[in-house]
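See below for the structure under consideration.
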Amino acid sequence: MKLKKLAALAMACITAVTAASLAGCNQNQGDTGTDESWNKVSEAGKLVLGLDDAFPPMGFRDPESGEIVGFDIDVATEVCNRLGLELVLQPVDWNTKTAELDNGNVDCLWNGMSKTDELDEQLNLSEPYMKNNQVILVNKDSDYKTKEDLAGKSLGVQAGSSAEVALNKDTEFKDSLGEVVALEDYALAILEIQNGTVDAVAIDEVVARYYLSTQPDAFRILGEAEGEVISMASEEYVIGFRKNDEALKTKIEDTLKEMAEDGKLAEISQKWFAEDVTVIGE
């Protein structure tokens, strides 16, 4: 009898200790999720944002000041202000962006990043906050009107970009080209097309329209003059987090939705696009 009572008492103690431990773990996880991602960022007091710093108007270096500016930068700054965080901008090689995130060099990837099936498998993606198209930019005085007109010509594309993904899917168009030129960033792509090194550039429509607004007599989007922009792919912009960083993702998503509700997100959009192009919270 005594042995049975001792065994029962020991089991009860183990059960109590286990329950207490689990309770302690749950308290450490906080109210925002089942991981420590938000707590880690909150305790550090800063959010390290990985970006391509040559992607206007989402995130790029101001030609005069050299500072990184853009739509995504303004939005991220407001998010961090509301969460009591310092925003740290960390330019990365966009072609190895997921490695930068997985290695812990940045807390998120946020710079006009298009949602793709591949990224969806690799990362924990936020809800879309903006829509975009992949288009083809040509010199305004060129004779190109359709994709067929570019047969045998050269097309520039940023390595690792969603424009490259769209091009690889459009095998008929890609195979018709004389050359596909991989470029480091869109700023270089614009220089290449200006200098006549490439005949056209596959590019995000938001970026193309930024260059059209700053240099209206230099470029045009393929198909627009004929009444309909030729889209290689329709897509959505998202923020990328590590697979298990659900708590941090939720915090930032909730703050973006709050900004959408109180009009701040629309205000920032009006500054950069002269209209509200955001979609989160709809």
Side-chain angles (χ1 to χ4, degrees), residues 26 28-52 55-59 68-90 97-98 101 106-117 119-133 162 204-207 209-210 234-282:
N26 289 335
N28 289 335
Q29 289 166 354
D31 297 326
T32 57
T34 58
D35 62 87
E36 287 294 313
S37 57
W38 163 245
N39 289 338
K40 181 180 177 181
V41 168
S42 180
E43 289 169 6
K46 61 183 181 181
L47 177 74
V48 182
L49 185 153
L51 77 156
D52 170 6
F55 191 68
M58 309 307 287
I68 301 175
V69 298
F71 171 77
D72 278 338
I73 308 307
D74 284 355
V75 174
T77 298
E78 179 66 20
V79 167
C80 285
N81 286 341
R82 296 189 182 206
L83 293 176
L85 301 173
E86 173 193 358
L87 177 63
V88 178
L89 301 175
Q90 180 59 59
K97 57 188 177 294
T98 54
L101 184 62
V106 297
D107 296 314
C108 65
L109 297 169
W110 187 349
N111 189 206
M113 186 173 72
S114 303
K115 181 178 180 179
T116 65
D117 292 340
L119 285 177
D120 201 23
E121 291 180 3
Q122 296 173 345
L123 306 176
N124 187 0
L125 301 179
S126 72
E127 291 183 26
Y129 64 91
M130 187 173 167
K131 293 188 181 296
N132 180 53
N133 286 299
S162 53
D204 290 61
E205 185 175 5
V206 294
V207 183
R209 294 205 177 281
Y210 170 77
S234 298
E235 57 193 22
E236 299 167 319
Y237 282 166
V238 293
I239 308 165
F241 302 86
R242 283 178 284 272
K243 267 296 184 183
N244 295 325
D245 287 4
E246 185 66 28
L248 178 60
K249 186 192 82 163
T250 299
K251 269 288 184 182
I252 290 179
E253 277 182 341
D254 288 349
T255 307
L256 286 172
K257 291 175 183 177
E258 177 186 285
M259 290 166 59
E261 290 177 2
D262 64 30
K264 186 62 178 180
L265 200 56
E267 178 186 322
I268 297 172
S269 183
Q270 286 284 345
K271 170 186 172 181
W272 288 99
F273 303 107
E275 61 179 317
D276 185 9
V277 298
T278 61
V279 296
I280 196 165
E282 290 185 351

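Heads up: numbering here begins at 1 and tracks the sequence.
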Between K257 and E127, is the closest basic N to carboxylate O distance under 4.0 Å?
yes
Mind checking whether T278 and F71 have side chains closer than 4.5 Å, heavy atoms only?
yes
Does the side chain of N133 come within less than 4.5 Å of V206's, by heavy atoms?
no
In the structure I gave you, are the side-chain heavy atoms of L256 and V79 within less than 4.5 Å of one another anywhere?
yes
Go through the side-chain N and O atoms of Y129 and D72 and say whether any donor and acceptor fall under 3.5 Å apart.
yes
N81 vs T77, test: side chain to side chain contact (heavy atoms under 4.5 Å, CB included). Steps then yes/no.
CA-CA 6 Å; N81 286 341; T77 298; 3.9 Å; yes
Quick check on D262: does its CG atom have over 12 non-hydrogen neighbours (other residues, nucleotides or ligands) under 6.0 Å away?
yes
Main chain of L265, side chain of S269: is a donor-acceptor contact present, judged purely on distance under 3.5 Å?
no
Close side-chain approach of I68 and I73, heavy atoms under 4.5 Å
yes
Of all residues at least two apart in sequence or in a different chain, which pass the salt bridge (Lys or Arg N to Asp or Glu O under 4.0 Å) check with E253?
none
Is R82 reaching over with its side chain to a backbone N or O of T255, donor-acceptor style, under 3.5 angstrom?
no
Would you say D107's side chain and L47's backbone share a donor-acceptor pair under 3.5 angstrom?
no
K243 side chain to L123 main-chain N or O, any donor-acceptor pair under 3.5 Å?
yes
Residue pair D204 / N132, side-chain donor-acceptor N/O under 3.5 Å:
yes
Has the side chain of D35 got a donor or acceptor atom that lies under 3.5 Å from a matching backbone atom of D245?
no
Side chains of L89 and L51: closer than 4.5 Å at any heavy-atom pair?
yes
Non-hydrogen side-chain atoms of K271 and D74 separated by less than 4.5 Å
yes
Would you say that M113 contacts V238 through its side chain, given a criterion of any heavy-atom pair below 4.5 Å between the two side chains?
yes
Stepwise side chain to side chain contact (heavy atoms under 4.5 Å, CB included) check, L85 with K46
CA-CA 5 Å; L85 301 173; K46 61 183 181 181; 5.7 Å; no
Are F273 and P57 close enough that some pair of their side-chain heavy atoms sits under 4.5 Å apart?
yes
Judged by atom type as modelled, is there a donor-acceptor pair below 3.5 Å linking the side chain of T250 to the main-chain atoms of E246?
yes
If we check side-chain hydrogen bond (donor to acceptor under 3.5 Å, both in side chains) with S114, which of these qualifies: E236, E235, K131?
E235
Find the distance between CD (E267) and CD (E78) and round it off to the nearest 0.5 Å.
8.5 Å
